[in-house]
Amino acid sequence: MCAKKPYYITTAIAYTSRKPHIGNSYEIVLTDALARYKRLQGYDVFFLTGTDEHGQKIEEYARDAGVSPKEYVDKVSGEIRSICDILNTTYDHFIRTTDDYHEKTVQKIFKKLYDQGDIYKSEYEGLYCTPCESFWTESQLVDGKCPDCGREVKKAKEEAYFLRLSKYQKQLEDYIEAHPDFIYPETRKKEMINNFIKPGLQDLCVSRTSFKWGIPVSFDEKHVVYVWIDALSNYITALGYDTDGSSEQYKKYWPADVHIIGKDILRFHTIYWPIMLMALGEPLPKKVFGHPWLLFGEDKMSKSRGNVIYADDLVNLIGVDAVRYYLLSEMPYTSDGSITYETIIERFNSDLANTLGNLVNRTVAMNNKYFNGVVQSFSVTEPVDDELKSLCLETVTKLDGLLEEFRVSDGLEAIMNLARRCNKYIDETTPWVLAKDEASMPRLGTVLYNLLESIRFIAVLISPFMPDTSVNILKQLNCNVNSYDSLSRFGGLKEGETVGKAEPLFRRIDSEKFYAQIEQMQKESAKNEKSIEEIEGIAQIGIEDFCKVDLRVAEVTACEPVKRAKKLLKLTLNDGTGERIVASGIAKFYKPEELVGRKVVLVANLKPAKLCGVESCGMILAATCGEDVKVIFVDDMEPGSKIS
């Protein structure tokens, strides 16, 4: 028996800043679907995911939370892994960059690169973005802010070690030219070449001294290894790479067949990471796929915008497979995808409940009704059957090609088109009419066989994307013929077997109940948040307490009601340093258009609170006048002006 061909697939490791939202969860589901499909095809798959746990930002989050960095990342890493499990992902290893074996190997990698002259010590002076943990030059900024995240940068100067990217520029260019499939999709490849490589690579800062939460440089312990050498190395340390001699597992699976990553970190994976590997003398990954983002409506999801949806909440509402289907079907190949509650309901009801669920339910029910569940012979054929049979076989070939290019959404659409064709076949053959004539029963048996066998094709093909649904369909067919090889011909379902009981796969979503559940979940989430209305009585404070309150002028740049919250308005404020969202219980007293353009007094350093799904980052001042509430306006002052 021939050994299975190895296939190594990875996600980017998730940063342990906070619990991942549904947009972050898309990547793990996408990668899991690809890994499952490769297993279905017979590959020996190793699927890696994990968490990135070092850096200045983590140190600051931990300090704010009053815990050690290790305690902080233990909690968040646990949440991230829990989300992976809730979404039924089949990773083979979950790496943490705080794992001992990883830290020790990273130190060896750093030392090897230093010893051979690819890392050198110098001094860095530039503009630093703490959230991205990146240095930038003035020319790289966009509107004076970080080009990656749009946040403020600050001047920083410190001693640091650098990786000689410039030394390997020509080698990298030659590699990309010789391997046209290295970067997917094509538009991302052009972006990397034209915007970053051809203008000239600057040597990369790979150590820091301004914080301690990182892997110490073994020969200079006032330095910690900077994020990219630490984080990117996970793809080989997880397999047992070692500068002193690597494991058999590493030799078996490396180079990776594909890294699945977000488009925002493509530069690190197609420039920094390949150069690190070149310097180490190791092979480069075969492919890097930079997927787009999943947005809430038209906005990038963020807690400050109040538009975060969490995977576990959505699973509780519509089920694991429905969440997986929505994520994978809604994301285009190159442009950003969009998630809204409206489209969730629409996709669920049209694709899952109607097209797929109804097909399976009525086909199994008809076979039970007309033939006591026994699968009939398929010998009484007509030309109309040929198109359905051909489409089953064509869908397998089509799906292979689409997934080879990571077009998962298009692949799911191909499967759903097969289900639609089955429904059309029912309309064309009218089984209920055939059942009225005893002489037509052999033809009816063939029609139902063709439908049941087509449904078997759908069940097998959909298993990487919706594994539980696949199991449920095959259970209703009472069929265990579920291999990829069984799809090489039409006719795998055995004549004379008996199908199971017809049961609904998906029950239609009632939109009114759905929104009521969302509102209840948001209330539960906010239950422990103490609102300003709950604070009663007056307590005296000293001047030192008052000085802690940051009052500043802010301009209302946008305002809208909060869905399903009659009292709240969602205000977008410019406080002189950037935009923030504030939810205010003044909807009874002001219309949104009355506030846009007005300037208000903002409590800028109030701890964020989640109100009906909106994370409110601050509070505006208003006075209670009997039963009326009046906002305090300061229209003659500039945004950002401090009030004391």
Side-chain angles (χ1 to χ4, degrees), residues 40 88 318-326 328-329 346-376 378 385 387-389 391-393 395-396 399 411-432 434-435 444-483 486-487 490-495 497-509:
L40 182 65
N88 194 12
I318 64 174
V320 176
D321 274 11
V323 171
R324 288 173 64 102
Y325 177 78
Y326 183 84
L328 297 174
S329 63
E346 181 184 343
R347 278 278 189 179
F348 187 99
N349 288 343
S350 64
D351 291 0
L352 299 183
N354 288 357
T355 299
L356 179 60
N358 193 38
L359 168 67
V360 175
N361 186 266
R362 64 177 174 161
T363 300
V364 173
M366 284 191 291
N367 204 69
N368 278 314
K369 179 179 180 180
Y370 300 137
F371 296 108
N372 292 320
V374 178
V375 177
Q376 301 298 299
F378 53 101
D385 303 344
E387 186 182 339
L388 181 62
K389 294 176 182 179
L391 186 60
C392 286
L393 298 171
T395 301
V396 179
L399 191 60
L412 268 175
E413 184 64 12
I415 299 171
M416 203 55 65
N417 280 338
L418 177 56
R420 294 186 185 102
R421 185 64 189 86
C422 289
N423 283 315
K424 183 182 177 185
Y425 179 79
I426 292 174
D427 295 336
E428 291 169 336
T429 55
T430 59
W432 53 91
L434 294 172
L444 176 60
T446 296
V447 166
L448 291 179
Y449 181 91
N450 289 340
L451 286 167
L452 291 168
E453 173 67 352
S454 298
I455 289 170
R456 185 186 72 83
F457 266 71
I458 291 170
V460 176
L461 291 176
I462 212 167
S463 61
F465 315 100
M466 305 172 68
D468 290 343
T469 300
S470 174
V471 170
N472 288 338
I473 294 173
L474 291 168
K475 180 181 177 183
Q476 291 189 43
L477 296 179
N478 193 25
C479 174
N480 59 6
V481 183
N482 59 358
S483 70
S486 74
L487 305 182
F490 190 92
L493 202 60
K494 294 180 181 178
E495 177 187 345
E497 296 287 342
T498 303
V499 299
K501 181 182 177 183
E503 296 179 351
L505 290 175
F506 301 96
R507 298 186 184 278
R508 286 178 60 84
I509 293 175

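A distance of 8.0 Å separates CG in Leu399 from CG in Leu412, rounded to the nearest 0.5 Å. Interatomic distance, CG of Leu388 versus CD of Glu428, reported as 9.0 Å (0.5 Å rounding). Atom CD1 of Ile318 sits about 9.0 Å away from atom OH of Tyr326, to the nearest 0.5 Å. One distance of note links CZ of Phe506 with OG1 of Thr469; it measures 3.5 Å at 0.5 Å rounding. With values rounded to the nearest 0.5 angstrom, Leu359 atom CG is found 8.5 Å from Ile473 atom CD1.
The shortest distance between side-chain heavy atoms of Leu444 and Phe371 falls below 4.5 Å. Looking at heavy atoms from C-beta onward, Ile462 lies in side-chain contact with Leu356 at the 4.5 angstrom threshold. Put simply, the side chain of Leu448 does not reach to within 4.5 Å of the side chain of Gln376, judged on heavy atoms. You'll find the side chain of Pro467 reaches within 4.5 Å of the side chain of Asp321, heavy atoms only. Side-chain contact between Asp385 and Tyr425 is present, with heavy atoms from C-beta onward closer than 4.5 Å. Asn423 is listed as a side-chain neighbour of Thr355, based on a closest heavy-atom distance under 4.5 Å.
Within 6.0 Å of atom NZ in Lys475, 12 or fewer heavy atoms from other residues, nucleotides or ligands are found, so the atom counts as exposed in its surroundings.
Side-chain atoms of Thr395 come within 3.5 Å of backbone atoms of Leu391 as a donor-acceptor pair (strictly under, hydrogens ignored). The backbone N or O of Val374 lies less than 3.5 Å from no partner atom in the side chain of Thr498, so there is not a single donor-acceptor pair. Between the Gln476 side chain and the Glu503 main chain, a donor and an acceptor come within less than 3.5 Å of each other. Side-chain atoms of Asn349 come within 3.5 Å of backbone atoms of Ile509 as a donor-acceptor pair (strictly under, hydrogens ignored). The backbone N or O of Ile426 lies less than 3.5 Å from no partner atom in the side chain of Arg362, so there is not a single donor-acceptor pair. Using a distance-only test at 3.5 Å, with no hydrogens or angles considered, no donor-acceptor pair links the side chain of Arg324 to the main chain of Met466. Glu497 contributes no side-chain N or O that, together with a main-chain N or O of Val375, makes up a donor-acceptor pair within less than 3.5 Å.
The two residues Leu40 and Pro464 make their nearest non-hydrogen contact at CD2-CG, 4.3 Å. In plain terms, the two heavy atoms of Ser463 and Ser470 that are nearest each other are CB-OG, 3.4 Å.
A donor and an acceptor atom, one from each side chain of Ser486 and Arg456, are located under 3.5 Å apart. A donor and an acceptor atom, one from each side chain of Asn417 and Arg420, are located under 3.5 Å apart. Arg508 and Asn358 share no side-chain donor-acceptor pair at under 3.5 Å.
The aromatic rings of Tyr449 and Phe490 stand perpendicular to each other, their planes meeting at an angle above 60°, with 30° marking the opposite boundary.
Under the side chain to side chain contact (heavy atoms under 4.5 Å, CB included) test applied with Thr363, the options Asn368, Asn450, Leu452, Val499 reduce to a single match, Leu452.
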Go through the steps for Arg421 and Glu387 under the test salt bridge (charged side-chain N to carboxylate O under 4.0 Å, His left out), then give the verdict. CA-CA 9 Å; Arg421 185 64 189 86; Glu387 186 182 339; 3.0 Å; yes
